[in-house]
Every structure is written in structure tokens, then in C-alpha cells.
Amino acid sequence: MTSTKNAEEILCSTNGKEHFQRLTRLLMCGGVHVLRETFDTRIPPKDLSTRLKDAIVQTQLKKAKLTADERNCLNQPAVKSTDFDITLTFRLLRTICNLTPPATGWDKKPDDANHSLEADLARIKYYRNSVYGHNQKMEVSKSEFCQLWKEIREAILRIITKINSTKKDEWEKTIEKLLNDPLTSEEQKCIEELKQWYEKEEDVKDMLYQVDANVKEGLQRVSEDIKDVKEEQKRQGEDVRNAKNEIRQAAQKLKDFHEILPAITDGTKNC
């Protein structure tokens with residue numbers, strides 16, 4: 001009997017967790033590889049140590065918010081790009097490789113019509129957020145999986161074509177194989193790497209810092225509001241006390257008047 005399923009249904013037949021794992025491997029194996037290949041084409045491995053010591057590059061690196069571990073990695077005697085994790089690789093690409101940021105910047109999804117190298121590099125990072133950052137349950141629905149797989153696959157293949165067009169067919173076949181082959185124990189390692197990449201990125205840290213700043217600002221406003229309320233209560237208390245004093249003074253005057261009223265009345269009668 002002939003199957004009634006279409007190609008999309010066949011290729012997207014795995015469950016939510018498997019969707020997540022396949023996307024993670026595509027990003028962390030395919031995506032990381034093309035980022036590193038791009039870096040090596042911009043700064044050949046044989047020139048890397050010399051380039052990193054260049055005065056202009058040193059100035060650029062000082063502005064790159066590198067961690068102590070990242071600086072130590074770059075200062076190794078025989079430094080090579082395979083020593084870099086994905087976070088450092090992407091940071092170096094955008095800092096010292098003379099790339100022009102997409103119109104939308106490095107941290108947002110580029111326009112769909114923009115297929116430049118820079119735009120596709122930014123897409124790899126953007127899809128990291130889509131796969132992990134916005135999906136802490138580590139599950140991806142069938143429809144999301146098909147769309148994300150297509151977009152990540154196309155970005156990777158465009159980058160590969162720009163690096164070495166003769167490798168495009170090989171990569172297409174390998175990506176297709178990854179889509180259909182049984183998953184292995186290596187998938188968990190990819191998930192951990194994707195998590196580390198997400199947590200170490202500056203844009204994520206900046207987002208958390210902004211949340212923290214907003215919370216602090218909110219607490220400061222609440223504190224000021226409480227202070228204003230207390231001051232208002234204090235003013236109202238003083239007004240009440242002043243009013244009571246005025247009432248007491250008026251009552252005393254009225255009492256005094258009543259005490260001397262008979263004497264005044266008698267004096268009037270005598271006159």
C-alpha cells in the first residue's frame with residue numbers, strides 16, 4: 001500500500017525532545033564549524049599569533065569584554081582557532097575580522113532578503129536563542145522544528161558556499177543524514193555546549209543586567225513612595241495635632257469667657 005505521508009511529515013516524524021536534540025547538533029556541530037572556518041579564512045592559522053599581537057587588534061580586544069579565561073586562551077604561545085569555544089569565536093569574528101554588521105546588528109535576526117556572510121553569521125547566533133534561549137523545556141514542536149531546520153540549514157549552506165563552494169554538496173548530504181539517522185549519546189554533549197554558549201554571551205548577560213536594573217529601579221520607586229506616604233502621614237499628624245491645639249485653645253477661651261460672664265452681667269446691672 002502506498003504511503004499517503006508527504007516528505008515533510010516523514011522528515012519531521014520525531015518527537016519534541018528529539019527535534020530539540022537534532023537542532024542542537026545542527027547548531028553546535030554544523031554552526032560552530034562554519035563559524036570557525038569563516039574565522040580561519042579571515043585570519044589564517046599561520047598568521048593568528050602575529051595578528052593577535054598587532055597593536056590595533058590589541059585595542060579592539062580591550063573593547064571586546066573578554067573574560068580572564070578568554071584572554072588567557074588568546075595569549076597561549078601556539079594559539080589556534082580550535083582552542084576557541086563558540087562564544088569566543090563569534091566575539092573575535094565581530095571584533096577583529098573586519099566584518100560589517102548587518103543593518104539589524106549582530107544580536108537580532110537579519111532581514112530575510114539579506115543573505116550576506118555577516119547576516120548568516122548573525123542568524124546562527126539568533127537561532128541559538130530560538131532553539132535554547134527561548135525554549136528551556138528542551139522540546140520543539142513539529143512545525144517549529146521544520147521551520148528552524150530549514151532556516152539553519154540554509155544559513156549554514158550559504159556560509160559553506162562562500163568559504164568553499166565545492167563542499168556544498170557534501171554538506172547537504174551530511175545534513176540530510178543528520179536529519180534521519182538515529183540519535184547518539186553525543187547529543188547530550190551538544191546540548192550542554194549550546195547551554196554554555198547561551199549563558200556566556202554578552203547579549204544574554206546584558207538582558208539579565210537590564211532585568212536586575214529594572215528590579216532595582218522598581219524597588220527604589222517603591223521605597224520613595226513609602227517615604228512619601230510616611231512624610232504625608234507625618235504632615236497629616238501635625239495638622240491634626242495643630243487642629244486639636246486650636247480646638248483646646250478655643251475651648252479654654254470659651255470656658256474663660258463663661259467664667260467671667262456673670263461678673264460682667266452683674267456689673268452691667270449695677271450700672
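For the single chain, residues carry numbers from 1 onward in sequence order. The structure presented is a predicted model; accordingly, all values stated were derived computationally and were not measured.
In this structure, L35 and I86 have side chains that are in contact, with non-hydrogen atoms separated by less than 4.5 Å. Looking only at side-chain heavy atoms (C-beta outward), E144 and H19 stay at 4.5 Å or farther from each other. Looking at I96 and L52, their side chains come closer than 4.5 Å, going by heavy atoms from C-beta outward. Looking at heavy atoms from C-beta onward, T41 lies out of side-chain contact with N164 at the 4.5 angstrom threshold. Taking 4.5 Å as the limit, some side-chain heavy atom of I159 sits within range of a side-chain heavy atom of I124. For the pair L92 and L61, the minimum side-chain heavy-atom distance is below 4.5 Å. Residues S81 and T89 have side chains not in contact (no heavy-atom distance under 4.5 Å, counting atoms from C-beta outward). Using a 4.5 Å cut-off on side-chain heavy atoms (C-beta onward), E37 and K167 make contact.
Ring pair F84/F39: centre-to-centre distance below 6.0 Å.
The aromatic rings of W106 and F90 stand perpendicular to each other, their planes meeting at an angle above 60°, with 30° marking the opposite boundary.
A salt bridge is absent between D47 and R42; no separation between the charged side-chain nitrogens and carboxylate oxygens falls under 4.0 Å. One finds a salt bridge joining E70 and R91 here, because a Lys/Arg side-chain nitrogen approaches an Asp/Glu carboxylate oxygen to under 4.0 Å. Salt bridge K80/D83: present, at least one basic N to carboxylate O contact under 4.0 Å.
For R153, the salt bridge (Lys or Arg N to Asp or Glu O under 4.0 Å) test picks out E172, with sequence neighbours left out.
For the 3.5 Å distance criterion, the side chains of Q21 and T24 fail to qualify, holding no donor opposite an acceptor. For the 3.5 Å distance criterion, the side chains of D69 and T67 fail to qualify, holding no donor opposite an acceptor.
Side chain of D111 to backbone of N114: no donor-acceptor contact under 3.5 angstrom is found. When atom types are taken as modelled, the side chain of E118 and the backbone of T100 share a donor-acceptor pair closer than 3.5 angstrom.
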| side-chain contact (heavy atoms from CB on, under 4.5 Å) between L74 and L66: does it pass, once the steps are laid out? | CA-CA 10 Å; L74 295 180; L66 299 180; 3.7 Å; yes
| message | Before you tell me yes or no, could you show the steps for F145 and L179 under side-chain contact (heavy atoms from CB on, under 4.5 Å), namely the whole-Å CA-CA distance, both residues' side-chain angles and the distance that decides it to 0.1 Å? | response | CA-CA 11 Å; F145 173 76; L179 180 63; 3.6 Å; yes
| field | Residue pair I175, W149: steps toward the side-chain contact (heavy atoms from CB on, under 4.5 Å) verdict | value | CA-CA 10 Å; I175 291 174; W149 186 274; 3.7 Å; yes
| task | Would you please test K125 and R94 for side-chain contact (heavy atoms from CB on, under 4.5 Å) and show each step? | result | CA-CA 12 Å; K125 182 181 178 185; R94 61 193 285 182; 3.1 Å; yes
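For the atom pair CZ (R25) and CE (M28), the distance works out to 12.5 Å, reported to the nearest 0.5 Å. Between the OG1 atom of T38 and the CD1 atom of I43 there is a distance of 12.0 Å, given to the nearest 0.5 Å. Atoms CZ and CD1, from R36 and I163 in turn, are 12.0 Å apart once rounded to the nearest 0.5 Å. Here the straight-line distance linking atom OG of S49 with atom CG of D54 works out to 13.0 Å at 0.5 Å rounding. For the atom pair Q76 CD and L48 CG, the distance stands at 10.0 Å (nearest 0.5 Å).
In terms of heavy-atom proximity, A119 sits nearest to P110 at O-CG, 3.2 Å. For T161 against L157, the heavy-atom pair with the smallest separation is OG1-O, 2.7 Å. Closest heavy-atom contact between V79 and C73: CG2-O, 3.5 Å.
Looking at K109, R158, R123 one by one, the single match for salt bridge (Lys or Arg N to Asp or Glu O under 4.0 Å) with E151 turns out to be K109. Only one option out of L27, V34, D120 pairs with I156 in a side-chain contact (heavy atoms from CB on, under 4.5 Å); it is V34.
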